[in-house]
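In what follows, a structure is listed as structure tokens, so that the remarks can point back to it.
Computed from a predicted structure; not experimentally measured. Chain identifiers are assigned alphabetically (A, B, ...) following the order of the sequence lines, protein sequences preceding nucleic acid strands; residue numbering begins at 1 within each chain.
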There are 2 protein chains.
Amino acid sequence: MKILAVTLPKVRICAVGQWPADRIDRDGFLILDDVVQKEIANIASLVSYECGEHIYAQEAPEQYIYVPHSGAVRVSHQLADGRNQIVAFYMPGEPFGLGENGVYLNSACALTDCLLVRVPRAALDALCEHEPRLQQDCLVGAMAQLRLSQRHLLIVTHQRALKRVADFLRECSRQQEVFDPVRNVLSLIMDRSDIADYLGTSVETVSRMLGKLEEEGLVKRLDARSLWLDLPRLNDLLDN
Amino acid sequence: MKILAVTLPKVRICAVGQWPADRIDRDGFLILDDVVQKEIANIASLVSYECGEHIYAQEAPEQYIYVPHSGAVRVSHQLADGRNQIVAFYMPGEPFGLGENGVYLNSACALTDCLLVRVPRAALDALCEHEPRLQQDCLVGAMAQLRLSQRHLLIVTHQRALKRVADFLRECSRQQEVFDPVRNVLSLIMDRSDIADYLGTSVETVSRMLGKLEEEGLVKRLDARSLWLDLPRLNDLLDN
DNA sequence: CGAAACGTTGAAGTCTCTCAAGAAATGTGG
DNA sequence: CCACATTTCTTGAGAGACTTCAACGTTTCG
């Protein structure tokens with residue numbers, strides 16, 4: 001981890017579908033007014049992590065909220081028996097760092113090299129006290145995460161492995177950072193075991209389901225991390 | 001559904017473990033200051049539902065936030081194939097009514113006869129604008145729900161059916177409304193299929209796992225809805 | 001009392017996991 | 001740049017858990 005001493009870039013918060021249209025800029029990020037941006041800049045810092053580097057650990061004191069500026073982050077929960085549930089992957093603009101009773105609930109790890117905006121929680125809370133607008137944005141953000149979490153639950157409990165994998169690919173293809181809509185090629189930023197841990201299954205099953213999707217022609221493995229997708233047919237599969 | 005024309009009781013919001021100790025009263029509810037209570041009373045109404053009655057439907061316009069005053073509520077999500085995932089059960093003091101893009105994400109149904117405090121969302125949003133304290137309480141509440149949802153995911157994906165059922169019983173036994181700690185008897189308010197849909201399994205499996213727990217002496221079925229529990233041994237099972 | 005809903009139990013079948021081995025990709029040192 | 005080690009991915013086979021289908025017992029309620 002390195003704290004960068006450059007001026008903080010504007011905090012960009014991913015906002016599509018959550019906020020009213022007049023609060024979203026053309027890139028799909030939330031518009032914060034200049035005063036708030038400035039006040040955040042006063043308390044936040046920009047930090048960089050290398051691929052694979054640990055950001056915080058489950059049970060560690062909950063000090064910061066993070067917002068990725070570039071790169072991607074994996075947040076997961078370790079169980080007593082050593083298994084691992086990936087709670088979510090975070091892309092630029094998606095805040096993470098949920099705690100409970102002052103400690104982090106999960107651990108976070110850099111999936112790629114990344115730059116994060118890091119905001120001390122206490123200072124953010126204080127700032128929210130006299131910036132109701134920001135407070136509300138936090139609420140809207142938390143509810144968005146709740147919806148995602150509920151959706152995750154639905155997919156993982158009520159779909160067979162094949163659909164889970166297909167759904168995962170579709171969700172990934174929504175992230176413009178990793179999907180080339182011209183060639184229809186998805187560049188996975190995570191390995192098979194991350195996918196398995198996210199979907200609540202095993203690496204072998206993920207691999208087999210990719211094989212099955214490939215047999216059916218819905219997917220083609222260009223290499224392990226690059227997948228050509230037939231999105232219309234994936235949608236068909238998932239919606240019926 | 002019946003709208004009751006009595007004076008609104010104090011809104012009581014379940015708060016244990018989420019808010020600082022000085023904001024929680026002796027019964028474990030959140031203390032709202034009198035001004036806020038009054039303003040909520042101005043916009044809220046008290047409504048009653050009979051057991052089994054429908055409260056709102058998935059996809060219906062998101063009009064209200066509800067807080068149970070008495071009774072219990074089941075919130076579930078219907079899938080295209082007709083299956084059902086129960087997202088959560090709500091007991092007195094636990095607000096529910098999550099939406100997205102102006103429509104409810106799930107449907108809600110009265111599990112028992114119940115009284116609910118019903119707050120129009122628009123009015124609540126407006127009230128929050130000049131009551132930062134209330135806004136913050138909403139945020140804290142949303143994060144609590146997010147934690148619950150993540151926990152639900154962990155249990156359902158990473159535990160075998162036996163432990164899922166055991167965990168479910170333990171969680172239920174935390175609700176003083178349904179657990180008699182003297183006799184160690186849990187009164188289930190939901191039927192087997194609700195439990196199955198909550199745990200992402202089938203009624204038959206729930207029944208079999210109860211049988212297995214009973215064989216081991218961790219549970220005794222007094223009747224279908226009344227279970228004697230050996231909590232220490234249930235904890236043992238779950239923590240190892 | 002009889003019908004209907006709910007709960008339990010049994011048996012067969014399916015899906016997924018685990019274990020194991022081989023293939024492909026990645027990295028390292030000469 | 002190549003040989004080798006290591007990691008990651010894929011594929012196969014057997015075992016185990018859960019689901020589904022079916023039947024039967026129990027409770028509830030008109």
Side-chain angles (χ1 to χ4, degrees), chain A residues 50-52 74 79 81-86 111-113 155-169 186-216 219-228, chain B residues 50-52 74 79 81-86 109 111-113 155-169 186-216 219-227:
Chain A
E50 285 175 25
C51 172
R74 176 185 66 214
L79 290 111
D81 60 8
R83 282 179 311 166
N84 212 28
Q85 169 71 43
I86 292 183
L111 208 49
T112 64
D113 291 348
I155 298 297
V156 167
T157 56
H158 281 275
Q159 303 294 359
R160 303 254 162 241
L162 186 73
K163 285 202 177 187
R164 282 186 241 173
V165 172
D167 185 85
F168 179 76
L169 297 178
L186 174 68
S187 303
L188 291 172
I189 51 178
M190 65 291 281
D191 63 23
R192 295 290 185 271
S193 101
D194 285 335
I195 299 176
D197 286 346
Y198 182 75
L199 297 179
T201 183
S202 62
V203 251
E204 294 92 334
T205 299
V206 171
S207 196
R208 270 186 265 269
M209 295 305 133
L210 281 174
K212 211 169 223 170
L213 289 170
E214 190 160 18
E215 274 176 31
E216 311 268 330
V219 163
K220 189 178 288 177
R221 283 177 278 203
L222 307 179
D223 64 68
R225 296 290 186 102
S226 307
L227 302 178
W228 173 89
Chain B
E50 284 176 24
C51 172
R74 175 186 66 214
L79 291 109
D81 60 8
R83 282 180 309 167
N84 212 28
Q85 169 71 45
I86 292 182
C109 175
L111 208 49
T112 66
D113 290 349
I155 299 297
V156 168
T157 57
H158 281 276
Q159 302 294 0
R160 305 252 160 242
L162 185 74
K163 284 200 177 187
R164 280 186 243 172
V165 172
D167 185 85
F168 179 76
L169 297 178
L186 176 67
S187 303
L188 291 172
I189 51 179
M190 64 291 282
D191 62 24
R192 295 289 185 270
S193 104
D194 285 336
I195 300 176
D197 286 346
Y198 182 75
L199 296 178
T201 183
S202 61
V203 256
E204 293 91 336
T205 299
V206 171
S207 193
R208 271 186 264 269
M209 295 306 132
L210 281 174
K212 210 169 225 171
L213 288 170
E214 191 161 17
E215 274 175 32
E216 312 269 329
V219 164
K220 188 178 290 177
R221 282 177 279 203
L222 307 180
D223 64 69
R225 297 290 186 101
S226 308
L227 302 178

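- Taking both residues in full, the closest heavy atoms of A:L79 and A:N84 are given as CD1-N, 4.1 Å, listed atom of the first, atom of the second, then distance.
- If one axis is set at each end of the helix from C:dC1-D:dG30 to C:dG30-D:dC1 from five pairs, those axes are 40° apart, to 10°.
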When the side chains of residues 203-211 of chain B are checked against the rest of the protein, which donor-acceptor pairs come out under 3.5 Å, sequence neighbours left out?
from	atom 1	to	atom 2	distance (Å)
B:T205	OG1	B:S202	OG	3.0

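- Annotation: proximity of residues 205-216 of chain A to DNA chain D (heavy atom, distance under 4.0 Å) is found for A:S207, A:R208, numbered in ascending order.
- With sequence neighbours excluded, the residues forming a side-chain hydrogen bond (donor to acceptor under 3.5 Å, both in side chains) with B:T157 are A:Q85, listed by chain and number.
- Evaluation of the salt bridge (charged side-chain N to carboxylate O under 4.0 Å, His left out) rule for A:R225 yields no partner, not counting sequence neighbours.
- A:V156 approaches A:Y198 most closely through the heavy-atom pair CG2-O, 4.0 Å.
- The salt bridge (charged side-chain N to carboxylate O under 4.0 Å, His left out) contacts involving residues 191-202 of chain A comprise A:R74-A:D194, where partners must be two or more places apart or lie in separate chains.
- Taking every heavy atom of residues 191-204 of chain A and every atom of DNA chain C, pairs under 4.0 Å involve A:G200, A:T201, A:S202, A:E204, by number.
- Shortest non-hydrogen contact noted between A:I155 and A:R164 is O-CG, 3.6 Å.
- Separating the CZ atom of A:R225 from the C1' atom of C:dT26 is a distance of 11 Å, rounded to the nearest angstrom.
- For B:E216, the salt bridge (charged side-chain N to carboxylate O under 4.0 Å, His left out) test picks out no residue, with sequence neighbours left out.
- Shown here are the salt bridge (charged side-chain N to carboxylate O under 4.0 Å, His left out) partners of A:R83, two or more places apart in sequence or in another chain: A:D81.
- Mapping heavy-atom proximity under 4.0 Å, the span of DNA chain D touched by chain A runs 5' to 3' from D:dC9 to D:dA13.
- Under the side-chain contact (heavy atoms from CB on, under 4.5 Å) criterion, B:S187 pairs with no residue, sequence neighbours left out.
- Across all non-hydrogen atoms, the minimal contact from B:L188 to B:L227 is CD1-CD1, 3.9 Å.
- Along DNA chain C, the nucleotide nearest to A:R160 and the one nearest to A:D223 differ in position, and the one closer to the 5' end is contacted by A:R160.
- Heavy-atom distances to DNA chain D give each of A:A224 and B:R83 a nearest nucleotide, and the one nearer the 5′ end belongs to A:A224.
- A straight line from CG of A:L162 to P of C:dC17 spans 13 Å, rounded to a whole angstrom.
- Annotation for A:L222 and A:W228: closest pair CG-N, 4.2 Å, computed over non-hydrogen atoms.
- Legend: residues meeting side-chain hydrogen bond (donor to acceptor under 3.5 Å, both in side chains) with B:E50, ordered by chain and number and at least two apart, are absent.
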